[in-house]
Amino acid sequence: MTPTSFRSSGQAGPSKPVRAVIAAVILVGASVGLAAAAIPRYVESRLAAALRNDLHAGRVAVTVRAAPQDALAGRFDALDLTIDAFRAGDLPVERLEANLTGVELDRGRLTQSGELVLRRLGRGSATVTVTEAGLEQYLTASGTLRGARVRLAGGEATVRGVIRVLTIDVTAVMRGEFIIPNGDRVSLRIRSISLGEVRLPPEVGQSLGAAMNPLVRVDDFPLPMRFTSVRTDHGELVLRAGTPR
């Protein structure tokens, strides 16, 4: 069998004007495609700037997954956030990582004043990391302890600092654990407290703990969530949270 071959039909190609129109259509199509691809990146930059300004954060990274028209309207199939070095209330936070789905923001508030107003949220999860240094800053600034030192290891927190008893400054050492009383806050529950070599009744530690608790509330964060678990190890307090039901 003779192999099939593809040959020119001998007809002339498109005229110069037709070729120019074709080239223009291709160029416009490419430009539209590039513009559409740039819309989510533009929205990401606006969201990151709004969060950075609102939280005075050191770094904010935002990734959205949405069709260009939805991204412009403030609707996202998925929204991922990483926020570093900010304060949740008075507590310095090392990092917040969140993965959200079914998100809708108030587009007008975002574009006009840079405000983040959540209109709808499907589901989401978040991880909050606080370091020993952050807890030390918080406890010292609260006035409960002077020169606070914190060690986080093995599920336990050891807190050392100077307190005043009557007119005498003494070094207190407390040991305890972080708890989530009802999902909307995190507190330090002190199990033991000693002044120097003297171990005090648990009630003294509970009284001191009441003065420094709660350490953090969900209302201190830019997202609606409820704390679900807490882990204390390797110098970090790690909180996990989910969207409220």
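These numbers come from a predicted model, not from an experiment.
The side-chain contact (heavy atoms from CB on, under 4.5 Å) search around Arg191 returns Glu156, Glu177, not counting sequence neighbours. Not counting sequence neighbours, the partners of Ala61 by the side-chain contact (heavy atoms from CB on, under 4.5 Å) test are Arg59, Thr82. Residues satisfying the side-chain contact (heavy atoms from CB on, under 4.5 Å) test with Val170, not counting sequence neighbours, are Ile163, Val165, Ile168, Leu195.
When side chains are defined from C-beta on, Leu188 does not count as touching Leu135, because their heavy atoms never get closer than 4.5 Å. Taking 4.5 Å as the limit, every side-chain heavy atom of Leu55 sits out of range of all side-chain heavy atoms of Val60. At a threshold of 4.5 Å between non-hydrogen side-chain atoms, the residues Phe86 and Leu51 do not count as touching. Using a 4.5 Å cut-off on side-chain heavy atoms (C-beta onward), Val159 and Met212 make no contact. The shortest side-chain heavy-atom distance between Tyr138 and Val216 does not fall under the 4.5 Å cut-off. Put simply, the side chain of Val128 does not reach to within 4.5 Å of the side chain of Val186, judged on heavy atoms. Looking at heavy atoms from C-beta onward, Leu116 lies out of side-chain contact with Leu118 at the 4.5 angstrom threshold.
Scanning all heavy atoms of the two residues, the minimum distance from Arg120 to Gly102 falls at NH1-O, 3.3 Å. Residues Leu121 and Pro224 approach most closely at CD2-CG, 3.9 Å, considering heavy atoms. When all heavy atoms of Val130 and Pro92 are compared, the closest pair comes out as CG1-O, 3.6 Å. Of all heavy-atom pairs between Pro201 and Ile193, the closest is O-CG2, 4.0 Å. In this structure, Pro40 and Ala66 approach most closely via the heavy-atom pair CG-O, 4.2 Å. Across every non-hydrogen atom of Leu100 and Gly124, the tightest pair is CD2-CA, 3.9 Å.
Rounded to the nearest 0.5 angstrom, Phe178 CZ and Leu215 CG are separated by 5.5 Å. Note that CZ of Arg65 and CD of Glu44 are 10.0 Å apart. Values are rounded to the nearest 0.5 Å. One distance of note links CD of Glu132 with OG1 of Thr232; it measures 10.0 Å at 0.5 Å rounding. Within the model, atoms CG of Asp169 and CZ of Arg146 stand 4.0 Å from one another, a figure rounded to the nearest 0.5 Å. For the atom pair OG1 of Thr243 and CZ of Arg226, the computed distance is 11.0 Å after rounding to the nearest 0.5 Å. For the atom pair Leu152 CG and His234 NE2, the distance stands at 11.5 Å (nearest 0.5 Å).
Cluster membership check: Ile180 shares its hydrophobic cluster with Met225, using side-chain heavy-atom separations under 4.5 Å among Ile, Leu, Val, Met, Phe, Trp and Tyr. Residues Leu139 and Val173 fall into different hydrophobic clusters, defined by Ile, Leu, Val, Met, Phe, Trp and Tyr side chains chained together at heavy-atom separations under 4.5 Å. Cluster membership for Phe221 and Val230, using ILVMFWY side-chain heavy atoms within less than 4.5 angstrom, is shared. Both Val64 and Tyr42 are assigned to one and the same hydrophobic cluster, defined by single-linkage of ILVMFWY side chains at heavy-atom distances under 4.5 Å.
No option in Thr127, Thr63, Asp80 other than Asp80 meets the side-chain hydrogen bond (donor to acceptor under 3.5 Å, both in side chains) test with Asn99.
The environment of Arg151 atom CZ is sparse: at most 12 non-hydrogen atoms of other residues, nucleotides or ligands sit within 6.0 angstrom. Dense packing is recorded around CZ of Arg75, with more than 12 heavy atoms of other residues, nucleotides or ligands lying under 6.0 Å away.
In summary, Arg87 and Asp220 do not engage in a salt bridge, as defined by a charged side-chain N under 4.0 Å from a carboxylate O.
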Practice prompt. Starting from the C-alpha separation in whole Å, work towards a yes-or-no answer on side chain to side chain contact (heavy atoms under 4.5 Å, CB included) for Phe76 and Val62.
Written response: CA-CA 12 Å; Phe76 313 108; Val62 178; over 6 Å; no

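Side chain of Thr101 to main chain of Gly122: no donor-acceptor pair is present (N/O by atom type, distance under 3.5 Å, no hydrogens or angles).
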